[in-house]
2 protein chains.
Amino acid sequence: MAMPEKKAQASDTQLAMQVVNHIRERIEDGTLQPGDKLPPEREFARKLKISRASLRTGIGYLAAMGVMKVRHGVGTFVVDGPPEIGKSSLGLLGALHGFESWQMFEARMLLEGNLAALAAERGKEEHFTAMAEEVAEMYATIDDPGEYLIHDVRFHRTIAQASGNPILAALMETISTALYDDRRKTVELSRGLKDSAEKHREIFRAIRARNAAEARKVMESHLQLAKTAQEHERAGRGRRNAHPRTKENGS
Amino acid sequence: MAMPEKKAQASDTQLAMQVVNHIRERIEDGTLQPGDKLPPEREFARKLKISRASLRTGIGYLAAMGVMKVRHGVGTFVVDGPPEIGKSSLGLLGALHGFESWQMFEARMLLEGNLAALAAERGKEEHFTAMAEEVAEMYATIDDPGEYLIHDVRFHRTIAQASGNPILAALMETISTALYDDRRKTVELSRGLKDSAEKHREIFRAIRARNAAEARKVMESHLQLAKTAQEHERAGRGRRNAHPRTKENGS
DNA sequence: TGATTTTAGAGGTCAGACCACTAGGATATA
DNA sequence: TATATCCTAGTGGTCTGACCTCTAAAATCA
C-alpha cells in the first residue's frame, strides 16, 4: 500500500467528494473491482443519504478521472482495462497551454524508450510470449491496416506492462491515446507496414535479449520514423487553418 | 496548433459534453484565458439553452480534469498556474490498480532526470536566473523548512519549464503533487536541508553548463536521496496497516 | 426459427425552490 | 478616525420529483 492520502482538495463540493471518498474506500478495501457495476443511481443515492443530483456530480467527477464508466440505459461501472491518467484532459490542457505536436512525440518517445529499456531488464517470459505473438500477428495482417493497428497497440501496451511500472505505463497510455487518431490515419496511408513490422520485431528481439540500451534505441528510432511519416502526410494534405477548430473528426 | 481533435468519447453525456466542447472552443480561439471567470451558472445555462444541472455536470467534468476551478460563492475560473494532467486521478487509479511507492519514485526520477537533461540543452538565460535565485533562497531559508520547500518546488518547476516541453512538465507536476504530502514531512524532519541545498546547486550548475548527462545524473542522485530518506522516516514511525484505509489524514 | 414489438430498468435532463459561502458595503462602536 | 460587526448581493451547492431516452432482454408474431 502506498499512494499518499490525497483527500478532497480544498474547494471541491462536499457531497460530491463524499461520493468520491466512499467509492475510494470501496476500491481500497477491495469491495469494488475493475469491471464491477455500481447500484442504480436512485438506490445508491438513498443509501448514501444524498440526492441523486449530488451523487451524479460525484460520479461525473470519477468518470472524468477515468475511474468510472457510465453507460446510458445500462449502468455505471468501475473502469476496466489499462489505467489512463487524466484520460481526456490532455486535449483541453493542450489547447489551454499551447502544447505542440512535437512535444507530444518527444514525451511519447521518452516514455516508450524508457519503458522498452525497463522491459528489457524486468520483462518476464509471459510478456515475451505475448510480444512475439503480436509481432507474428502484425506480419499476418500486413494487408489489413485496421487489424494491424490493433496488434501494434497491443504490442506497445505489452511492453509497458513488462516494464513493471504501471504508472509509467499509464502515462504512456494517456499520450498514446491522444495521438491515436492521427496515428491511425498515418498507418493506414503509409505502405510501410512491412517495415513497421520489421521494426517491431527488432524491438522485441532487443528486449528479449535483455539489452536495455538497444531496446531504447530501436524503440526511439521506430517512433522517430512514425513521427516523420506523420509529418509528411500531414504536410501533404492541405492545411485547414481557417478556423482553429474545424471539427473534422469524422475519420 | 497541434493536439489531435479529441471529441466527446463515446458514452459521455451529450449536454455535458456540449458544455465541454463550447468551452474548448472558447479556449482554442483564445476567448478564454487562464484565470478568466465564467459567467454565473444561471446566466450561462440560459445562454447555452440547457438546464443549470447539465451545465454543472459539464463544469464538474472540466473541474475534475483540472481545467476549471470552482470557488463556492465566488465563481468558476479557468485554471491558472502550471498544468497538471489528471490532477486528482492518480490516487484513485493507484488504489484501483495497485500502484506502489517505488513506482512513483521511479516515474518521478525518470521524468525529472530527463527534464534536467533537456533543460541543460534548451534552457534560456531567464531560466538560469530564476534557478539561481531559488537556490539562493534555499540557502537563505535553510532554517525554515516551510519556506525552504516552497523554493525547492519552484526550483524543480523552473527546470521543468526550461525543458521546453510542457507536457513532460505537466506529467512531472502530477506525480510531484501526489508525492507532495509525504515529501513535506520528510523535508521537515530531515536536518539535511543544507545538503539538499548543496545538491540543488550542483544540479543548477550542471544545467547552466549545458551538461545534459551530468544534469540527469545529479538530479537522479538527488531524488534517490530523497527517496531513501523518506523510506527511513517512514519505517521509523510505526506502521498502521490494521485497516487498509485508516483515514488519518489529519496533519 | 427468426424478426418485431413491448417493456422494465437505468441513466439523462429539467424546473424551480431553497441553502451556504464570500466579499464588500453599511453601520455601530470605541 | 479607526475598527469591529452586521447585512446584503451575488454565486455556487443541494434537493425534489417528474419526465425523457437508451439498452437489453423478454414476449410476441410471422
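- Contact check, B:Thr76 against D:dG12: a side-chain N or O comes under 4.0 Å of OP1 or OP2.
- Closest of all the heavy-atom pairs between B:Ser163 and B:Leu115 is OG-CD1, 3.4 Å.
- Every residue was checked against the side-chain hydrogen bond (donor to acceptor under 3.5 Å, both in side chains) condition with A:Thr141, not counting sequence neighbours, and none meets it.
- What separates CE of A:Met17 from P of D:dG12 is a distance of 19 Å, to the nearest Å.
- Between B:Gly75 and B:Lys37 the shortest heavy-atom distance is CA-CE, 4.0 Å.
- Look at OH on A:Tyr61: it is 12 Å from P on D:dG13, rounded to the nearest Å.
- Rounding to whole angstrom units, NZ of residue A:Lys49 and C1' of D:dT14 are separated by 17 Å.
- If you measure from atom CD of B:Glu41 to atom P of C:dA15, you get 15 Å, rounded to the nearest angstrom.
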Exercise. What string of B, S and - do you get for nucleotides 18-23 of chain C, 5' to 3', if B is base contact, S is sugar-phosphate-only contact and - is no contact with any protein heavy atom under 4.0 Å?
Worked result: B-BBSS

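- For the pair B:Leu55 CG and D:dG13 C1', the interatomic distance rounds to 13 Å; values are reported in whole Å.
- One can place CZ of A:Arg46 at 12 Å from P of D:dG17, the figure rounded to the nearest angstrom.
- Residue B:Ala107 comes nearest to A:Ile167 through the heavy atom pair CB-CG2, 4.1 Å, listed as atom of the first residue, atom of the second, then distance.
- Rounding to whole angstrom units, NZ of residue B:Lys37 and P of D:dG10 are separated by 12 Å.
- Nearest nucleotide to the B:Pro40 side chain, out of D:dT11, C:dT13, C:dG12: D:dT11.
- For the pair A:Gly75 and A:Ala53, both in contact range of DNA chain C, the more 5′-proximal nearest nucleotide belongs to A:Gly75.
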For this session: Take A:His22 and A:Phe44, measure what ring pair (Phe, Tyr, Trp, His ring centres under 6.0 Å) needs, and give me the verdict at the end.
Result: CA-CA 11 Å; A:His22 177 93; A:Phe44 200 18; 5.7 Å; yes

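- We find that CZ of B:Arg56 is positioned 15 Å from C1' of C:dC14, with the value rounded to whole Å.
- Picking from D:dT14, C:dT13, D:dG13 the nucleotide with the shortest atom distance to the side chain of B:Val70 gives D:dG13.
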For this session: Start with the C-alpha gap between B:His200 and B:His156, add the side-chain angles, then the distance that decides, and say whether ring pair (Phe, Tyr, Trp, His ring centres under 6.0 Å) holds.
Result: CA-CA 9 Å; B:His200 282 93; B:His156 285 271; 5.2 Å; yes

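- Taken from OG1 in A:Thr57 to CE in A:Met17, the straight-line distance is 12.0 Å, to the nearest 0.5 Å.
- Within the nucleic acid shown, A:Thr57 has no heavy atom closer than 4.0 Å to any nucleic acid atom.
- Listed pair B:Ser54 / C:dC14 meets the phosphate criterion, a side-chain N or O lying under 4.0 Å from OP1 or OP2.
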